[in-house]
Engineer: 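Next up is a structure, given as structure tokens.
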Amino acid sequence: MQWLGRHTDPEGIIKSSKLSLQFVSSYTSEAEITPSSMPVVTDPEAFSSEHFSLETYRQNLQTTRLGKVILFAEVTSTTMSLLDGLMFEMPQEMGLIAIAVRQTQGKGRGPNAWLSPVGCALSTLLVFIPLRSQLGQRIPFVQHLMSLAVVEAVRSIPGYEDINLRVKWPNDIYYSDLMKIGGVLVNSTLMGETFYILIGCGFNVTNSNPTICINDLIEEHNKQHGAGLKPLRADCLIARAVTVLEKLIDRFQDQGPDGVLPLYYKYWVHGGQQVRLGSTEGPQASIVGLDDSGFLQVHQEDGGVVTVHPDGNSFDMLRNLIVPKRQ
């Protein structure tokens, strides 16, 4: 609150290119709410939401810095735009996260849209990474760490170890190798010696549409194994995922890729997978793993090893194709 007092204009507003946030102590019906202007109520006593429990979130958040200060919206265009005007201003120790129940303009990679109905866990986390660090030299790994954190957030709960949630290169969360259940979008900006990183993440928790959700997998597991696992909540899983992510980042900074890759390979869908490069007629190759930078390595029939960059390629799981992305 002291920081806000020093950084807002006289009307309590912080503006960015996408959104104006007006910080107010209490909400009045006269307050303007548009896609480009939103009031932010700063009194936590006034907070209540049918879909998000602050108490559940705090109970499950076991971090030293990440995810400590929450900017919450029932509906927003994207959680990323909520942090747009704050990311370069906030002190690192504040640990800012934006969480929403619904997004109206959720984004995927490239031109893709991400449908964001109620029941989807939607968040954007602000992370600072020093350029001269293990992860700062390998920024593509950030999306892998976040995908892995979501999977581990579920599968590290006692009893939930066999829920078939997996990571797909470069930034998807999958049910087995069959269906997408979530994804990660990372925007990074280097200023001086620090990467300012917004990690957007959305995954289906209680919404069976448009594809399938984590609670569907739990229900199916209970039927098959006569188990009684309880359904999970988005607030709990966002907090658990941020907790796991902080541990993974710390481990990566300490040990480099080798500190996290064993867990990543435990959950990924691609072990030994045969693929075609470029088109259905393209050369056949088998997936080896990730290289030191976080790029995909594939082994061609002629013995050569090819590196595939995430920014220029998509992985078509249905056809086992790695193809250049359409612009």
Engineer: How far does CG of Asn222 sit from CG of Leu229, to the nearest 0.5 angstrom?
Structural biologist: 4.5 Å
Engineer: Under 30°, 30 to 60°, or over 60°: which ring-plane class applies to Phe72 and Phe47, parallel, tilted or perpendicular?
Structural biologist: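 Answer is perpendicular, since the angle exceeds 60°.
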Engineer: Would you say the side chains of Glu74 and Ser49 form a donor-acceptor pair under 3.5 Å?
Structural biologist: yes
Engineer: Say you draw a straight line from OG of Ser123 to CG of Leu237; how long is it, rounded to the nearest 0.5 Å?
Structural biologist: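 Output value for this atom pair is 11.0 Å.
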Engineer: Hey, can you tell me if Trp3 and His7 have their rings parallel, tilted or perpendicular (30° and 60° cut-offs)?
Structural biologist: parallel
Engineer: Under 3.5 Å, is there a donor-acceptor pair between the Arg58 and Ser53 side chains?
Structural biologist: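 Side-chain D/A pair, Arg58 to Ser53: absent.
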Engineer: Under 3.5 Å, is there a donor-acceptor pair between the side chain of Ser81 and the main chain of Thr78?
Structural biologist: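 Present.
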Engineer: I'd like to know whether Lys68 forms a side-chain contact (heavy atoms from CB on, under 4.5 Å) with Leu96, so could you lay out the CA-CA distance, the side-chain angles of the two residues, the decisive distance to 0.1 Å, and finally the verdict.
Structural biologist: CA-CA 6 Å; Lys68 295 286 193 183; Leu96 193 61; over 6 Å; no
Engineer: Hydrogens and angles aside, do Thr243 and Gln62 bring a side-chain donor and acceptor to less than 3.5 Å of each other?
Structural biologist: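 The criterion, which ignores hydrogens and geometry beyond distance, is not satisfied for Gln62 and Thr243.
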Engineer: Let's go through Glu246 and Thr64 carefully: what are the C-alpha distance in whole Å and the side-chain angles of both, what is the deciding distance for side chain to side chain donor-acceptor pair (under 3.5 Å) to 0.1 Å, and is it a yes or a no?
Structural biologist: CA-CA 8 Å; Glu246 185 174 274; Thr64 56; 3.1 Å; yes
Engineer: With the side chain counted from C-beta on, respond yes when Thr124 and Ile97 share a heavy-atom pair under 4.5 Å apart, and no when they do not.
Structural biologist: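 Sidechains of Ile97 and Thr124: no contact.
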Engineer: Identify whether the distance between the nearest side-chain nitrogen and carboxylate oxygen of Arg138 and Asp292 falls below 4.0 Å.
Structural biologist: yes
Engineer: Determine whether Val288 and Leu290 fall in the same hydrophobic cluster, where Ile, Leu, Val, Met, Phe, Trp and Tyr are linked whenever their side-chain heavy atoms lie under 4.5 Å apart.
Structural biologist: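 Hydrophobic grouping puts Val288 apart from Leu290.
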Engineer: If I compare all heavy atoms of Val41 with all of Ser25, which pair ends up nearest, and what's the gap?
Structural biologist: CG1-O, 3.6 Å
Engineer: With a 4.5 Å cut-off on side-chain heavy atoms, are Gln297 and Ile287 touching?
Structural biologist: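 Sidechains of Gln297 and Ile287: no contact.
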Engineer: Is there side-chain contact between Pro257 and Phe141, with at least one heavy-atom pair below 4.5 Å?
Structural biologist: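 Yes, their side chains come closer than 4.5 Å.
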Engineer: For residues Met179 and Tyr174, determine if any side-chain heavy atom of one lies less than 4.5 Å from a side-chain heavy atom of the other.
Structural biologist: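 They are not in side-chain contact.
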Engineer: Shortest non-hydrogen contact from Thr307 to Asp291?
Structural biologist: CG2-OD2, 3.4 Å
Engineer: Tabulate below the donor-acceptor pairs under 3.5 Å that side-chain atoms of residues 183-202 make, not counting sequence neighbours, or state none.
Structural biologist:
residue : atom : partner : partner atom : Å
Glu193  : OE1  : Arg132  : NE           : 2.6

Engineer: Can you give me the closest heavy-atom contact between Pro140 and Ser293, atom names plus distance?
Structural biologist: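 For Pro140 and Ser293, the tightest heavy-atom pair comes out as CB-O, 3.4 Å.
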Engineer: What distance do Thr8 atom OG1 and Ile13 atom CD1 have between them, rounded to the nearest 0.5 Å?
Structural biologist: 9.0 Å
Engineer: I'd like to know if the side chain of Asn171 pairs up with that of Ser147 as donor and acceptor (distance under 3.5 Å, no hydrogens or angles considered).
Structural biologist: no
Engineer: Which heavy atom of Gly136 sits nearest to which heavy atom of Ile129, and what is that distance?
Structural biologist: N-CG2, 3.5 Å
Engineer: For the pair Arg166 (side chain) and Ile173 (backbone), establish whether a donor and an acceptor sit closer than 3.5 Å, ignoring hydrogens and angles.
Structural biologist: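 Such a contact is absent between Arg166 side chain and Ile173 backbone.
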Engineer: As an exercise, state the distance from CZ of Arg233 to CG of Asn215, rounded to the nearest 0.5 Å.
Structural biologist: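 These two atoms lie 10.5 Å from each other.
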Engineer: Apply side-chain contact (heavy atoms from CB on, under 4.5 Å) to Val260 and His144, showing your working.
Structural biologist: CA-CA 10 Å; Val260 300; His144 307 322; over 6 Å; no
Engineer: Determine whether Thr34 and Ser37 satisfy the following criterion, side chain to side chain donor-acceptor pair (under 3.5 Å), listing intermediate values before the conclusion.
Structural biologist: CA-CA 5 Å; Thr34 69; Ser37 174; 4.6 Å; no
Engineer: Hey, does Val101 have a side-chain heavy atom less than 4.5 Å from the side chain of Val75?
Structural biologist: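 SC-SC contact between Val75 and Val101 ruled out.
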Engineer: Give a yes or no on whether Phe52 atom CZ has more than 12 heavy-atom contacts from other residues, nucleotides or ligands under 6.0 Å away.
Structural biologist: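 Correct, the count exceeds 12.
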Engineer: Look only at the side chain of Asn204 and the backbone of Asn207, and say whether a donor-acceptor pair between them is shorter than 3.5 Å.
Structural biologist: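 No; zero donor-acceptor contacts below 3.5 Å.
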Engineer: Mind checking whether Ile157 and Arg240 have side chains closer than 4.5 Å, heavy atoms only?
Structural biologist: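 The answer is yes; the side chains approach within 4.5 Å.
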Engineer: Mind checking the CG-CE spacing from Leu21 to Met38? Nearest 0.5 Å is all I need.
Structural biologist: 7.5 Å
Engineer: Are Tyr160 and Lys230 side-chain neighbours, meaning at least one heavy-atom pair lies under 4.5 Å?
Structural biologist: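 Yes - at least one pair of side-chain heavy atoms lies under 4.5 Å apart.
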Engineer: Should we say atom CD of Glu161 is surrounded by more than 12 heavy atoms from elsewhere, each under 6.0 Å from it?
Structural biologist: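 Enclosed: over 12 neighbouring heavy atoms sit under 6.0 Å from CD of Glu161.
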Engineer: With no hydrogens and no angle check, is any side-chain donor or acceptor of Gln103 less than 3.5 Å from a backbone partner on Thr79?
Structural biologist: yes
Engineer: Counting neighbours of CD on Gln224 that are heavy atoms of other residues, nucleotides or ligands and sit closer than 6.0 Å, is the number greater than 12?
Structural biologist: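 Yes, CD of Gln224 has more than 12 neighbouring heavy atoms, counting only those of other groups under 6.0 Å.
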Engineer: Measure the spacing between CD1 of Ile99 and CD1 of Ile238 and express it to the nearest 0.5 Å.
Structural biologist: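 That separation rounds to 4.5 Å.
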Engineer: Indicate the atoms forming the closest heavy-atom contact of Val244 with Ala149, along with that distance.
Structural biologist: CG1-CA, 3.7 Å
Engineer: Main chain of Thr56, side chain of Asn60: is a donor-acceptor contact present, judged purely on distance under 3.5 Å?
Structural biologist: yes
Engineer: Taking all non-hydrogen atoms of both residues into account, name the closest pair between Leu232 and Val205 and its distance.
Structural biologist: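 For Leu232 versus Val205, the nearest heavy atoms are O-CG1, 3.5 Å.
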Engineer: Walk me through whether Leu135 and Leu145 qualify under side-chain contact (heavy atoms from CB on, under 4.5 Å).
Structural biologist: CA-CA 10 Å; Leu135 190 53; Leu145 296 185; 4.1 Å; yes
Engineer: Any salt bridge between Glu93 and Arg65, counting N to O under 4.0 Å?
Structural biologist: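 Between Arg65 and Glu93 there is no salt bridge, as every charged N stays at least 4.0 Å from the carboxylate O atoms.
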Engineer: Could you walk me through whether Ile249 and Val127 pass the side-chain contact (heavy atoms from CB on, under 4.5 Å) check?
Structural biologist: CA-CA 10 Å; Ile249 289 174; Val127 179; 4.1 Å; yes
Engineer: Tell me, do Ile181 and Leu217 make a side-chain contact under 4.5 Å, heavy atoms counted?
Structural biologist: yes
Engineer: Where do Ser133 and Gln253 land on the side chain to side chain donor-acceptor pair (under 3.5 Å) test, with the steps shown first?
Structural biologist: CA-CA 7 Å; Ser133 67; Gln253 295 291 39; 3.1 Å; yes
